[in-house]
Amino acid sequence: MMELREQIRHHDYLYYVESRPEVSDAEYDALMRELRNLEAQFPDLVTEDSPTQRIAGTPTDLFKPVEHNVAMLSLDNATTPDDLREFETRLGRAVPGATFQYVGEPKIDGLGVALVYERGRFVRGATRGDGRIGEDITANLRTIRSIPTVLKPGPLASAELLEVRGEVFMPREEFAKLNRTLEEAGTPTFANPRNAAAGAVRQKDPAVTARRPLDMFLYHVSRADALGFASHWDTLEALRAAGFKTNPRAERCANLDAVLAACERLERDRDSLGYDADGVVVKVDSLEQQRRLGSTTHHPRWAIAFKFAARQATTMIEAIEVNVGKTGALTPTAKLTPVELAGVTIRNVSLHNEDEIRRKDIRVGDTVLVERAGDVIPYVVQVVLAKRPAESQAFRFPSTCPACGGRAERPEGEAYWRCTNSACPAQFKERLNHFGSRRAMDIEHLGDSTIEQLVDSGEVKDFADLYHLAVEKVSELDRFADKSAENLIRAIAGSRDRGLARLLNALGIRLVGERVAQLLATRFGSLDVIAGKSEAELAEVHGIGDEIARAIVAFFQDPANTELMKKLKAAGVVTTAPTAPVGPTPLAGKTIVVTGVLPTLSREAARELIERYGGRVATSVSKKTDYVVVGDAPGGKADDARRLGVTMLDEAGLLALVRS
Ligand code: IVH
């Protein structure tokens with residue numbers, strides 16, 4: 001049994017501390033099984049430090065208080081290089097004439113924990129508590145596999161009583177995994193790895209802690225000088241040799257400049273460390289110097305925490321503003337009491353949509369935790385409920401558009417409220433942008449800032465107003481001179497005869513894009529004819545479904561749109577399709593199905609080609625189909641064609657047909 005325990009400990013060490021396992025999971029499991037069987041046969045021989053006993057504690061309601069042999073102090077903070085230089089000045093004053101070497105190591109954002117070993121055996125672990133008295137969490141700590149229950153031979157293992165300290169944390173990747181699992185189970189998630197680690201360590205049932213992927217870096221040996229060590233660096237090496245996990249990014253620094261460089265490197269790398277670190281702990285290396293420097297009641301004088309620029313901050317939500325986005329979607333933004341976050345002042349943060357506000361129950365007046373990780377846009381992590389004002393009320397999402405006062409609605413199954421007013425100025429700018437875009441009316445020089453000014457000045461209230469703009473008016477706009485104004489007016493004038501298909505696309509009718517616009521134009525030939533069609537008549541057109549038909553009818557039923565059509569016509573905008581299709585129409589009257597992957601034409605390009613030359617594209621093969629164009633991996637449609645005796649072509653055949 002002793003031999004098995006020894007082997008298992010060795011493999012635990014290789015796996016959890018060194019991350020270089022030497023046996024497969026199956027081999028490891030076999031060793032564990034053998035040990036369990038033996039322990040079941042000889043229960044009197046089970047020891048507390050047996051690998052089988054990591055998850056053996058019984059659930060407790062209360063953690064026993066433990067008094068720390070040496071108080072667990074906190075650290076003084078530095079935020080700038082100058083703060084670090086002052087730190088060194090203070091050191092020099094306390095130990096005159098000395099030069100200082102340092103160790104810089106990541107300040108892990110986890111939980112400070114003290115571990116006690118008696119003659120190399122783990123006997124107790126405790127939280128920091130108030131620094132003097134912590135809580136006994138031995139059973140929970142025993143479940144952390146990188147914490148050795150038996151130390152490897154050496155000065156630490158021989159100590160009658162050893163107290164070591166370090167930080168328990170949850171690796172970022174494991175944290176993300178845990179939150180995903182919790183979310184799937186419908187249980188609340190943790191805001192950050194630190195909270196997750198704290199929750200795990202204080203679990204009532206060690207079996208639950210065991211399922212939480214915790215890890216621990218050791219960084220301190222209490223009374224190390226009494227054990228014969230001369231420097232902090234040496235104690236880190238002794239910790240490593242005893243089987244503890246120490247931080248590989250700890251650096252020994254010959255002077256303060258080296259410390260500053262180490263801080264810079266670590267801050268630069270903070271996102272790739274795999275765990276949250278919020279700074280660098282800078283420690284005087286010599287234990288003799290540490291002893292002479294001593295501590296205040298608060299913190300050791302020989303160490304300081306250089307803090308990275310904060311990425312989380314708490315601030316207050318002063319207001320929640322709702323703006324109209326591109327498509328009429330109403331998007332809420334929180335106006336914050338300005339706060340510094342990783343070197344940037346944050347004033348606004350998007351709250352995305354109504355559901356997000358509800359889920360986090362974000363209210364005006366709330367104190368919130370905001371975060372900016374890496375380059376990511378800041379967001380609200382959570383509300384600090386303890387600071388919520390008594391009179392606070394849940395945020396009510398507006399049911400009217402904040403830009404125009406029009407009615408807003410939230411369609412079933414959608415996340416966004418939308419303004420329903422087609423004349424809404426904020427939406428109108430976006431629609432004007434689309435109107436002038438390349439594939440619509442193709443108006444050069446009609447850019448964002450021009451649109452902004454034209455709409456805000458009241459010069460353009462609908463599409464038709466564009467065609468009445470005068471050069472003098474435009475040249476008054478920002479960044480316009482006579483010449484550029486003339487260019488814009490000419491471009492607008494030139495868009496009058498783009499034809500019905502482009503106009504239909506430009507109008508921004510719901511569900512009517514380029515393709516449907518083309519179908520409508522080809523089939524009906526004029527805007528007036530389309531405006532007079534019923535849903536049923538529109539839906540008869542191949543490629544136009546009921547929903548599109550409904551949207552078209554709704555558009556033309558709106559009196560504002562009827563008015564707009566009149567104005568466009570009066571402004572000389574062509575609202576008809578050219579009567580005779582331009583060019584030859586070798587495919588006129590032919591119904592063609594395309595199936596499989598063609599060698600050069602995409603599906604869309606094939607469709608365009610067929611339609612341009614007068615053909616109609618169908619999606620299923622029937623007796624009325626004239627041709628089936630077959631590419632690679634064609635599927636059932638080729639079989640249908642064969643069965644029905646429809647002529648089959650390859651891409652080259654189609655092109656030949658077009659050329660004919
Ligand atoms: S040394 C006497 N080293 O930061 C030794 N602390 O704000 C003092 N911490 O309570 C601690 N990483 O929980 C030290 N590499 C590190 C650390 C570290 C994180 C925590 C520790 C301490 C807190 C002080």
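Side-chain atoms are counted along with the backbone in the values below, which use heavy atoms only and exclude waters and symmetry mates. First listed ligand is number 1; within each ligand, the first listed atom is number 1.
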Between [X] and ligand 1, which residue portion shows a heavy-atom distance shorter than 4.0 Å: side chain, backbone, both, or neither?
| X | answer |
| --- | --- |
| Phe169 | neither |
| Leu75 | both |
| Lys107 | both |

Numbered atoms and elements of ligand 1 in range of [X], under 4.0 angstrom, heavy atoms:
| X | value |
| --- | --- |
| Gly112 | 13 (O) |
| Pro106 | 12 (N), 15 (N) |
| Glu105 | 3 (N), 15 (N), 16 (C) |

Sidechain-backbone polar pair: [X] side chain, [Y] backbone, donor-acceptor under 3.5 Å:
| X | Y | value |
| --- | --- | --- |
| Asn353 | Asp355 | yes |
| Thr315 | Thr337 | yes |
| Asp285 | His232 | yes |

Closest protein heavy atom to [atom], given as residue, atom name and distance to 0.1 Å:
| atom | answer |
| --- | --- |
| atom 20 (C) of ligand 1 | Glu167 OE1, 3.4 Å |
| atom 12 (N) of ligand 1 | Ile108 N, 3.1 Å |
| atom 21 (C) of ligand 1 | Tyr219 OH, 3.0 Å |
| atom 2 (C) of ligand 1 | Trp302 CH2, 3.8 Å |

Please confirm whether Lys283 comes under 4.0 Å of ligand 1, counting heavy atoms of the residue only. yes
Are side-chain N/O atoms of Arg240 and Thr246 paired as donor and acceptor at under 3.5 Å?
yes
Next on the checklist: Any donor-acceptor pair under 3.5 Å linking the side-chain atoms of Glu27 with those of Ser24?
Outcome noted: yes
Here's one to test your reading of the geometry: is the NZ or CZ of Lys360 within 45 degrees of the ring axis of Tyr379 and under 6.0 Å from its centre? no
Residues passing the side-chain contact (heavy atoms from CB on, under 4.5 Å) test with Asp49, sequence neighbours excluded, are Arg9, Thr47, Arg121, Thr149, Val150
Is the CZ atom of Arg124 crowded by more than 12 outside heavy atoms at less than 6.0 Å? no
